Amino acid sequence: MVKKLEGKVAVVTGASKGIGAAIAQHLAAEGAQVVVNYASSQEGADKTVAAIIAKGGQAIAVKGDVAKAADVAHLFAETRKAYGKLDILVNNAGIYQFSSLEDVTEELFHKQFNTNVLGLLLVTREAVKLFGDQGGSIINISSAVTTLMLPNTVVYTATKGAVDVITGVLAKELGPRKIRVNAINPGMIETEGAQAMGVTSAESDMRKWVENAAPLGRIGQVDDIAPTAVYLASDDSKYMTGETLAISGGMR
Ligand code: NAP
């Protein structure tokens, strides 16, 4: 069977764990050569690469903080060196730290905006230089919080609101270059990051709330998200750009 992404090169930011690791593996399983970016967890990135290679795929790990322009330049220099071009970018690296309005600090604001918004822009700016005449696909990992408007998440939700509108603006700006830009907006997904925050544990009030409020009655897993990234990366979605797709068990 012909693989959907044969001959394509993908960069996935924040692919040492969680949603990014699953997306990297699904893209590779469809034939893409994948650059697995990470910030600090080399062990996690090596595990993602090893899982891809074990299934006959191709991948390399490249360290780099998306919020630092020099690191981002290095990420794409390594991509060029290894694979010579780029067709797919998944802007997944992100952090979430929920807080009430009264607990908002400059540090909390800048940390989340630097990674989730500035980082996404720096990465995208460099990535488009490597896209060829045939264009490509950019997939931004936003969040269902942008329609749920949950209390006590104001800074994080603001970063993802920015990601939604960046998706729309860049879809128009990059459309003439045949670069499509879409977003995936996941609901609560069980990942290392969500586990560390305590929100996915069986006793968590937030998990119980999702299980009650989501029409599908459960929280999500990384393999609920990754196939949609493959769809958005492939020609199956070739006439689609500027969309935000909620994958949240029906919560909106
Ligand atoms: P996670 O398990 O915490 O993993 C985060 C990944 O991002 C790791 O690979 C981490 O690298 C990387 N990362 C963090 N800061 C970075 C930086 N400055 N530069 C490069 N990489 C960086 O997170 P997740 O739950 O999979 O979330 C992934 C994305 O989905 C985020 O954008 C998040 O906002 C979004 N999302 C998650 C959920 C959810 O419920 N889990 C729901 C909606 C949206 P290291 O391991 O090296 O630090």
Side-chain angles (χ1 to χ4, degrees), residues 12-14 18-20 22-23 26 89-101 104 109 112-113 115-117 119-120 124 137-172 180-234 236-252:
V12 183
T13 65
I19 293 170
I23 289 176
H26 277 70
L89 168 66
V90 183
N91 279 312
N92 165 79
I95 52 173
Y96 31 90
Q97 224 174 323
F98 297 160
S99 77
S100 65
L101 176 63
V104 171
F109 176 91
Q112 292 187 83
F113 267 86
T115 304
N116 299 2
V117 183
L120 180 146
T124 306
S137 175
I138 297 173
I139 299 153
N140 295 328
I141 306 303
S142 180
S143 171
V145 294
T146 65
T147 54
L148 289 168
M149 312 276 179
L150 303 174
N152 303 314
T153 71
V154 69
V155 175
Y156 175 68
T157 297
T159 68
K160 295 300 188 178
V163 172
D164 283 358
V165 295
I166 287 168
T167 300
V169 170
L170 292 185
K172 290 188 178 170
R180 299 183 297 106
V181 188
N182 293 289
I184 294 175
N185 296 48
M188 184 190 282
I189 307 299
E190 191 154 25
T191 64
E192 287 87 334
Q195 275 159 4
M197 218 184 162
V199 290
T200 52
S201 70
E203 315 77 55
S204 152
D205 287 342
M206 201 156 170
R207 179 181 182 140
K208 287 182 196 147
W209 172 70
V210 172
E211 288 169 346
N212 281 320
L216 293 182
R218 64 173 177 87
I219 64 166
Q221 301 297 323
V222 294
D223 69 356
D224 290 317
I225 304 297
T228 301
V230 171
Y231 168 70
L232 290 174
S234 77
D236 286 350
S237 59
K238 64 186 187 299
Y239 197 49
M240 188 172 165
T241 195
E243 297 295 337
T244 50
L245 293 184
I247 306 183
S248 58
M251 283 186 88
R252 59 191 69 244

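Just so it is clear, the structure is predicted and the values come from calculations on it, not from any experiment.
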Pairwise distance [atom1]([X]) to [atom2]([Y]) - rounded to 0.5 angstrom:
X	Y	atom1	atom2	value
Leu216	Ile247	CG	CD1	12.0 Å
Leu150	Met206	CG	CE	5.5 Å
Thr167	Lys172	OG1	NZ	13.0 Å
Met240	Leu232	CE	CG	5.0 Å

Closer than 3.5 angstrom, by distance alone: can the side chain of [X] be matched with the main-chain N or O of [Y] as a donor-acceptor pair?
X	Y	value
Gln195	Glu190	no
Asn182	Ile139	no
Asn212	Lys208	yes
Asn92	Gly14	yes
Glu211	Gly217	no
Thr191	Gly18	no
Arg218	Val210	no
Ser204	Val199	yes
Thr157	Val154	no

Quick check: closest heavy atoms across [X] and [Y], and the distance to 0.1 Å?
X	Y	answer
Phe113	Val155	CE1-O, 3.9 Å
Ala233	Ser137	CA-OG, 3.7 Å
Ser143	Lys160	CB-CG, 3.8 Å
Thr159	Asn116	OG1-ND2, 3.1 Å
Gly94	Thr115	CA-CG2, 4.0 Å
Ala194	Tyr96	N-OH, 2.9 Å

Check the pair Leu89, Asn140 against side chain to side chain contact (heavy atoms under 4.5 Å, CB included), reporting the backbone distance first and the verdict last.
-> CA-CA 8 Å; Leu89 168 66; Asn140 295 328; 5.9 Å; no

When you look at Met188 and Trp209, which way does the side chain to side chain contact (heavy atoms under 4.5 Å, CB included) test go after all the steps?
-> CA-CA 11 Å; Met188 184 190 282; Trp209 172 70; over 6 Å; no

Taking atom types as modelled, find out whether [X] and [Y] have a side-chain donor-acceptor pair closer than 3.5 angstrom.
X	Y	answer
Asn185	Ser248	no
Thr13	Asn91	no
Asp164	Thr244	no
Ser201	Arg207	no

Is it the case that more than 12 heavy atoms not belonging to Lys238 sit under 6.0 Å from its NZ atom?
->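 For Lys238, atom NZ is not crowded (no more than 12 foreign heavy atoms under 6.0 Å).
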
Going by heavy atoms in the side chains, are Phe98 and Thr153 under 4.5 Å from each other?
->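 Yes, their side chains come closer than 4.5 Å.
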
Thr228 and Ile184: CA distance, side-chain angles, deciding distance, side chain to side chain contact (heavy atoms under 4.5 Å, CB included) verdict | CA-CA 8 Å; Thr228 301; Ile184 294 175; 4.0 Å; yes

Given side chain to side chain contact (heavy atoms under 4.5 Å, CB included), test Val222 with Ile23 step by step and report yes or no.
-> CA-CA 8 Å; Val222 294; Ile23 289 176; over 6 Å; no

